Amino acid sequence: MGIRIYNTATRRKEEFEPRDEGSVSMYVCGPTVYNHIHIGNARTFLSFDVVRRYLEYRGFDVSFVQNITDVDDKIIKRANEEGRPATEVAAEYTTAFQDAMASLGVAPPTVAPKATETIPEMISMVRRLIEREYAYEVDGDVYFSVRSFSDYGKLSGRDIDEMNAGSRVDVDDRKRDPLDFALWKAAKPGEPHWTSPWGEGRPGWHLECSVMSEKELGVTFDIHGGASDLIFPHHENEIAQSEAATGEPFVRYWMHGGLLQVNKEKMSKSLGNFMLLKDVLKDYDASAVRLMMLQTHYRSPLDFSDDRLDEARTSYERIITPIREVRAATEQPALRRDVQAGAEDRNELLAAIESARERFISEMDDDFNTAGALGALFELARATNRFLGEFGVGEGESNVPLLRQAGNALEELLGVLGITVAERPRSAYPQTVVALARDLAGYEGEDVERAVDALLAARAAARTEKNWAAADAVRDGLGELGFSVEDTSSGARIIYDSRI
RNA sequence: GGCGACGUGGCCAAGUGGUAAGGCAGGGGCCUGCAAAGCCCUCAUCCCCGGUUCGAAUCCGGGCGUCGCCUCCA
């Protein structure tokens, strides 16, 4: 059985069959660039990053399109508040968005169209809709007439007549129906504007995604994603626009992610209970953030808290430890224990590798069940730790190929989830270790790396002499600088402890 | 009021008909100079009440509770 995807449009899981065999066209609604993105936004982009990575892992050639909405009411509002051009605001936060995505390890889209660079196509779609009598113009504004599109409401399961539209918003009496939405907005003085058959104006938000997706992927593309708060009205409106304009089905599979919550309440910019991604990443590794989020299924709500991030950081260490251990052991095999593993034990680890891989794939095939997939990886981590602890590299390093196989499998599958084993950056050692080395190890140079080497050597010597006080002074001193020292059978190891 | 989702151990969370993955935390043990890491053991009958079935966390009905959408929102 292949990949199954929960399709919001049909409310059930469906076998995934792309439009074109072997390739996938997917579109995910991107940000409106008027502020830094918060971690709720990040969760959605992360979810679809994993979808994209997994589809590629399964051999599909994925065209991944994500727009940048760089002209919008909120951008204009912000620009007015700050007394600078809207284009400047948009440019600033576009860059910030791209930087934030990169720091979370989200792969860049194949194409990232900007609304302001797609204006002619937007005007063209509005014109098509007017010609087909799905849209009408009033005083330079153009509205989509929801009642002219009989399928309106099919994605969100709503009936126009049962919605008490306008009950909480002022009804614009120029609209034929309160639910009619703007395709094109006449520009007010000082706003960004483009020349159109209806006068100077700018595109409506919903229009942008219909146009940019069609331009890059054509009609009836495979996957359209976004968070569940976009189902209505945004995605409903996209369907109406695109299907009315083209007469073809818009999208094959609609995927919607669950919302991030804080204290059981939705995190949103309007509620003000948000945390910016860039701030969270100051304190937590991207991989830990990814692990935290991926331990919950993408469609479920996820309650966010520092406690959960702390837990995720601990479990991140757990899952990458065997990878580090295997590297250390296979790089310095002479120092490792050399117990020969019997065929039975070797086969057991081999079987664990195979079953982890199989389970990972079957969990991910089932609507991208990252939580289940991670479960499989934790099990492989334990099997690897057990083997490593019991046999090491084996006599004549005979266990090395098998251990590498286990470590590589873990690393490869974690990589599909975008979780990487962070290499300790060389620059991580602060200059203060030099002083520490001078005090405790008699080191006289200025190089931080060598200072650390000197400290570890001094500690090893002290331990040989059973001078525990001197040995512990080194460990405690490094500990205060944020590094922990762990003794392994291949000698002491120093790791940066991000908790400090 | 309409539409929808959800309710699994101390916390988080997979599992959607055949007898409860995994992570975090806790308890006991091994290893260690001490630690850390790791390993082993231990820790639930799935919100409540009915029903269907040989058998249900898993299906149906009814409660109770939480959340989301119906307005810009990832």
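Letters A, B, ... are given to chains in the order of the sequence lines, protein chains preceding strands, and every chain is numbered from 1. Note that the coordinates shown come from a computational prediction; the quantities given were computed from them, not determined experimentally.
- B:rU45 is unpaired under the criterion used here, namely a Watson-Crick or G-U wobble arrangement in which both key atom distances are under 3.5 Å.
- Contact annotation for A:Val485: base contact, defined as any heavy-atom pair under 4.0 Å involving a base atom.
- Nucleic acid contact for A:His297: sugar-phosphate only, since backbone atoms but no base atoms lie under 4.0 Å from a heavy atom of the residue.
- For A:Asp472 against B:rG33, a side-chain N or O and a base N or O form a donor-acceptor pair under 3.5 Å.
- Here the separation of B:rG68 from B:rU45, taken at their C1' atoms, is 30 Å to the nearest Å.
- At a threshold of 4.0 angstrom between heavy atoms, the contacts of A:Thr296 are confined to the sugar-phosphate backbone, with no base atom among them.
- Rounded to a whole Å, the CD atom of A:Glu379 is 9 Å from the P atom of B:rA21.
- For the residue pair A:Tyr93/A:Asp70, the side-chain donor-acceptor check at 3.5 Å is not satisfied.
- Atom P of B:rC60 sits at a distance of 14 Å from the matching atom of B:rG7, rounded to the whole Å.
- Between A:Arg78 and A:Asp72, no side-chain nitrogen of the basic residue sits less than 4.0 Å from a carboxylate oxygen of the acidic one, so the salt-bridge criterion is not met.
- A:Met267 comes within contact range of at least one nucleobase, with a heavy-atom separation under 4.0 Å.
- Salt bridge annotation for A:Arg386-A:Glu348: present, with a cationic side-chain nitrogen under 4.0 angstrom from a carboxylate oxygen.
- Residue-level contact check: A:Arg386 touches the backbone only, with heavy atoms under 4.0 Å from sugar-phosphate atoms and none from bases.
- Within 4.0 Å (heavy atoms only), A:Gly157 reaches sugar-phosphate atoms of the nucleic acid but no base atom.
- Rounded to a whole angstrom, the distance from the C1' atom of B:rC43 to that of B:rA21 is 16 Å.
- Across all strands shown, B:rC34 remains unpaired; no Watson-Crick or G-U wobble contact has both distances below 3.5 Å.
- Nucleotides B:rU58 and B:rG17, compared at atom P, are 11 Å apart to the nearest Å.
- Annotation: of the two residues near RNA chain B, A:Ala383 and A:Lys266, the 5′-most nearest-nucleotide partner is A:Ala383.
- By the 5.5 Å and 30° criteria, A:Phe378 is not stacked with the base of B:rG22.
- The base of B:rA36 is not paired with the side chain of A:Arg475 by any donor and acceptor separated by under 3.5 Å.
- Per the geometry, CG belonging to A:Asp310 stands 14 Å off C1' belonging to B:rG23, to the nearest Å.
- Nucleotides B:rC41 and B:rC24 have their P atoms positioned 16 Å apart, rounded to a whole Å.
- Protein atom CG of A:Asp159 is 13 Å distant from nucleotide atom P of B:rG2, rounded to whole Å.
- Counting all heavy atoms, side chain and backbone alike, A:Leu410 lies closest to A:Ile319 at CD1-O, 4.4 Å.
- Annotation: B:rU42 and B:rA5 have their P atoms spaced 39 Å apart (nearest Å).
- For B:rC34, the base has a donor-acceptor partner in the side chain of A:Asp487 [N/O atoms by modelled type, under 3.5 angstrom].
- Ion pair A:Glu379/A:Arg359 flagged as a salt bridge, since at least one NZ, NE, NH1 or NH2 atom sits closer than 4.0 Å to an Asp/Glu carboxylate oxygen.
- Pairing partner, B:rG18: B:rC54, with both Watson-Crick or wobble hydrogen-bond distances short of 3.5 Å.
- Each of A:Tyr6 and A:Leu302 was matched to the nucleotide of RNA chain B holding its nearest heavy atom; the match closer to the 5' end belongs to A:Tyr6.
- An OP1 or OP2 oxygen of B:rA14 is reached within less than 4.0 angstrom by a side-chain nitrogen or oxygen of A:Ser300.
- Distance noted for atom P between B:rU16 and B:rU71: 35 Å (whole Å).
- Neither side chain, A:Asp303 nor A:Ser305, offers a donor N or O lying under 3.5 Å from an acceptor on the other.
- The OH-C1' distance, from A:Tyr34 to B:rC72, rounds to 8 Å in whole Å.
- For the C1' atoms, the distance from B:rG9 to B:rC47 is 14 Å, rounded to whole Å.
- Pair assignment for B:rA5: B:rU66, on the basis of Watson-Crick or G-U wobble contacts that are both within less than 3.5 Å.
- By the 4.0 Å N-to-carboxylate-O rule, A:Arg147 lies close enough to A:Asp177 to be salt-bridged with it.
- Here A:Arg382 lies in heavy-atom contact (under 4.0 Å) with sugar-phosphate atoms only.
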